[in-house]
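Atoms within a ligand are numbered from 1 in the order they appear, just like the ligands themselves.
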Amino acid sequence: MANRVASLKSIVSHAKKYGYVFPSSEIYDGLSAVYDYGQNGVALKDNIKRYWWKAMVQLNENIEGLDAAIFMHPTTWQASGHVDAFSDPLIDNRDTQKRYRADGLIEDYIAELDRKIQGACSRAAKRFGSDFDMALYERTNPRVKEYIEQRDKARRKMVDALERDDLEALTKLIADLGIADPVSGSKNWTDVRRFNLMFGTQLAASPDSSADLYLRPETAQGVFVNFLNVQKTARQKLPFGIAQVGKAFRNEITARQFIFRMREFEQMELQYFVRPGDGLKHYEAWKEKRMRWHLSLGLGQENYRFRDHDKLAHYADAASDIEFRFPFGFKELEGIHSRTDFDLRNHEKYANKKLQFFDPLRKAHYLPHVVETSVGLDRLFLAVFSIALQEETLADGSMRTVLRLPPILAPTQAAILPLVKKDGLPEIARALFGDLKYDFNVRLDDKDAIGRRYRRQDAAGTPYCITIDHDTRQDQSATLRNRDTMQQARMPLTQIAAFLDARISMKAHLKKL
Ligand code: GAP
């Protein structure tokens with residue numbers, strides 16, 4: 001029986017133990033919300049990137065790639081609105097000097113009420129058995145009713161204050177709800193104020209000639225400023241897209257939940273340029289295409305949902321998130337936005353340069369509208385990893401930890417295990433490794449007893465183990481063990497490459513998109 005490992009704690013520790021993710025600068029006690037990817041992590045990340053890139057760029061004649069610099073001219077961020085508006089509501093606790101997102105504290109308060117409601121309901125469900133009517137209980141039990149009212153009122157007030165950008169109302173709400181510092185219990189809060197999330201730095205060493213720069217908070221702006229460069233040199237017509245994978249930086253006030261919210265992270269973005277008036281049509285099409293791409297990874301349809309935005313950002317006329325069921329609940333994995341011509345129009349204005357597209361059919365110049373899809377690579381990594389990590393109770397009652405990564409994403413696609421370190425078996429293993437290594441990520445593993453090696457490869461996420469035993473010398477065959485079923489089958493060495501290719505190559509997955 002397979003169980004999802006629900007706790008984030010076990011995911012963090014497994015990711016470290018198996019060389020996926022390490023805390024950054026760990027020997028100095030780490031750096032908050034910054035992580036390093038180890039030998040397996042970098043390979044998993046690279047495979048995710050490749051799968052995304054192939055689906056976006058390689059499969060679409062009208063999508064081009066780009067790798068823009070992280071540093072951009074500082075005016076970029078005025079034009080994009082980030083200097084004025086890319087901020088979160090911040091509150092400090094005067095006693096502990098700890099900083100929090102004001103809305104984060106209120107959301108935690110709401111989540112605590114949710115937990116109380118769920119706790120009361122599940123206790124009642126046990127008491128009443130199969131006759132239990134949860135909706136009726138929520139409507140009639142006085143304590144549960146009160147919790148629900150408190151929760152909904154707090155949420156309403158928070159949303160209202162955020163929509164009006166009323167920082168005083170947020171300060172008052174935190175005081176009225178009696179919210180305390182989660183670490184110390186102190187209620188000695190400052191007023192809520194705005195905190196810009198961009199990291200600043202300087203271009204030159206000398207303060208006289210220095211210019212204030214920002215580390216980009218999104219990759220998108222590199223695409224907008226290069227829109228005409230790519231369009232003209234690639235001779236693209238509308239609609240066409242520019243795809244990019246790259247680092248982004250945000251000085252998140254409270255970065256929690258492992259690699260879900262980081263200060264340095266990677267985005268995989270597409271900006272799709274379309275004719276004015278066609279934005280919403282392409283927006284709907286991209287919502288559907290992106291969901292199909294996610295589902296093709298086989299992590300389970302029930303773990304995804306769309307959440308359309310009620311309140312739109314100033315630049316968007318439609319926006320939706322693809323949410324994923326992370327170990328801490330459904331949260332945003334990817335954002336899909338119809339951004340109108342907001343960005344190109346502002347860059348035209350601030351740079352005083354024409355960024356219009358010449359449409360040869362309409363014989364007219366105009367600014368295209370943009371549909372954007374933006375997924376966090378690290379978040380996607382966490383989604384894949386958290387679903388894949390499972391504890392199983394085997395038929396003999398023993399436990400097995402298995403990382404059921406989609407085979408196309410697994411860092412090691414097959415481990416080659418000589419049964420013993422003698423009798424010519426290591427030589428056969430090495431020869432097979434030499435044959436397979438050009439097409440597959442394969443590893444040799446000859447340490448420990450074979451059973452322990454299987455367990456180690458299961459936990460590391462390796463979908464296939466190839467065991468070289470004494471019979472191999474006679475029959476030129478090996479045993480292939482499947483990570484998920486643990487079933488073993490004998491196969492001629494010459495057929496292994498074709499077997500792996502049929503199960504591991506991205507081609508079959510891409511063809512189904
Ligand atoms: N260009 C649009 C844009 O940046 P966003 O919703 O702010 O939109 C897009 O970010 C995606 O980037 C999110 O859906 C999320 O997956 C990822 N992301 C954003 N902030 C992040 C953070 N601090 N750590 C990790 N991933 C993040």
- Quick one: does Arg261 get an N or O within less than 3.5 Å of an N or O on ligand 1? no
- Which residue holds the protein heavy atom closest to atom 15 (C) of ligand 1, what is that atom called, and what is the gap in Å? Arg379 NH1, 3.4 Å
- Any atoms of ligand 1 less than 4.0 Å from a non-hydrogen atom of Glu372? List them with their elements. 1 (N), 2 (C)
- Item | Within-cut-off N or O pair, Leu333 and ligand 1, under 3.5 Å | yes
- What do you reckon, are the aromatic ring centroids of Phe330 and Tyr304 less than 6.0 Å apart? no
- Task: Would you mind checking which non-hydrogen protein atom is closest to atom 18 (N) of ligand 1, with the distance to 0.1 Å?
- Result: Phe265 CE1, 3.6 Å
- Query: How many angstroms lie between CD1 in Ile242 and CD1 in Ile63, if you round to the nearest 0.5 Å?
  - Reply: 10.5 Å
- Message: Has Arg250 got a side-chain atom pairing as donor or acceptor with Glu264's backbone, closer than 3.5 angstrom?
- Response: no
- Side chain, backbone, both or neither: which part of Asp378 has a heavy atom under 4.0 Å from ligand 1? neither
- Can you list the atoms of ligand 1 that are under 4.0 Å from a heavy atom of Gly335? 14 (O)
- Any idea which of Glu332, Gln271, Lys331, Glu269 brings a heavy atom closest to atom 14 (O) of ligand 1? Glu332
- Query: Looking at ligand 1, does any of its N/O atoms fall within less than 3.5 Å of an N/O of Glu218?
  - Reply: yes
- Task: Answer side chain, backbone, both or neither: which part of Glu252 comes under 4.0 Å from ligand 1, heavy atoms only.
- Result: side chain
- Query: Do Phe324 and Phe326 make the cut of ring centroids closer than 6.0 angstrom?
  - Reply: yes
- Quick note on ligand 1: atoms under 4.0 Å from a heavy atom of Glu334 include exactly 14 (O)
- Compare Met268, Gln257, Met262, Glu264 and give the one whose heavy atom is closest to atom 22 (C) of ligand 1. Met262
- Task: Go through the steps to decide whether Glu348 and Arg345 satisfy the test salt bridge (Lys or Arg N to Asp or Glu O under 4.0 Å), and finish with yes or no.
- Result: CA-CA 5 Å; Glu348 268 203 335; Arg345 185 169 295 286; 5.3 Å; no
- What are the atoms of ligand 1, with element, lying closer than 4.0 Å to any heavy atom of Arg339? 1 (N), 2 (C)
- Side-chain donor-acceptor pair present, Ser186, Asp181, cut-off under 3.5 Å: no
- Which one of Glu266, Gln267, Arg263 has a non-hydrogen atom at the shortest distance from atom 12 (O) of ligand 1? Gln267
- Message: Is there a polar contact, in the sense of an N or O pair closer than 3.5 Å, between Gly376 and ligand 1?
- Response: yes
- For atom 8 (O) of ligand 1, the protein heavy atom that lies nearest, with its residue and separation: His337 CE1, 3.9 Å
- Query: Do Lys289 and Trp286 meet the cation-pi criteria used here (NZ or CZ under 6.0 Å from the six-membered ring centre, within 45° of the axis)?
  - Reply: yes
- Message: So that I can tick it off, tell me whether Glu334 and Arg379 are bridged by a salt bridge, with the cut-off set at under 4.0 angstrom between side-chain N and carboxylate O.
- Response: no
- Task: Could you tell me whether Arg400 and Asp458 make a salt bridge, using a distance below 4.0 angstrom between a side-chain N and a carboxylate O?
- Result: yes
- Within the 6.0 Å centroid threshold, strictly below: Phe240 and Tyr272: no
- Identify the protein heavy atom lying closest to atom 25 (C) of ligand 1, giving its residue, its atom name and the separation to 0.1 Å. Phe260 O, 3.2 Å
- Item | Which residue and heavy atom of the protein sit nearest atom 9 (C) of ligand 1, plus the separation | Ser374 OG, 3.0 Å
- Message: Centroid separation under 6.0 Å, is that true for the rings of Phe227 and Phe273?
- Response: yes
- Message: Less than 6.0 angstrom separating the ring centers of Phe265 and Phe249, yes or no?
- Response: no
- Note on the structure: shortest atom 19 (C) of ligand 1-to-protein heavy-atom contact is with Arg250 NH1, 3.4 Å
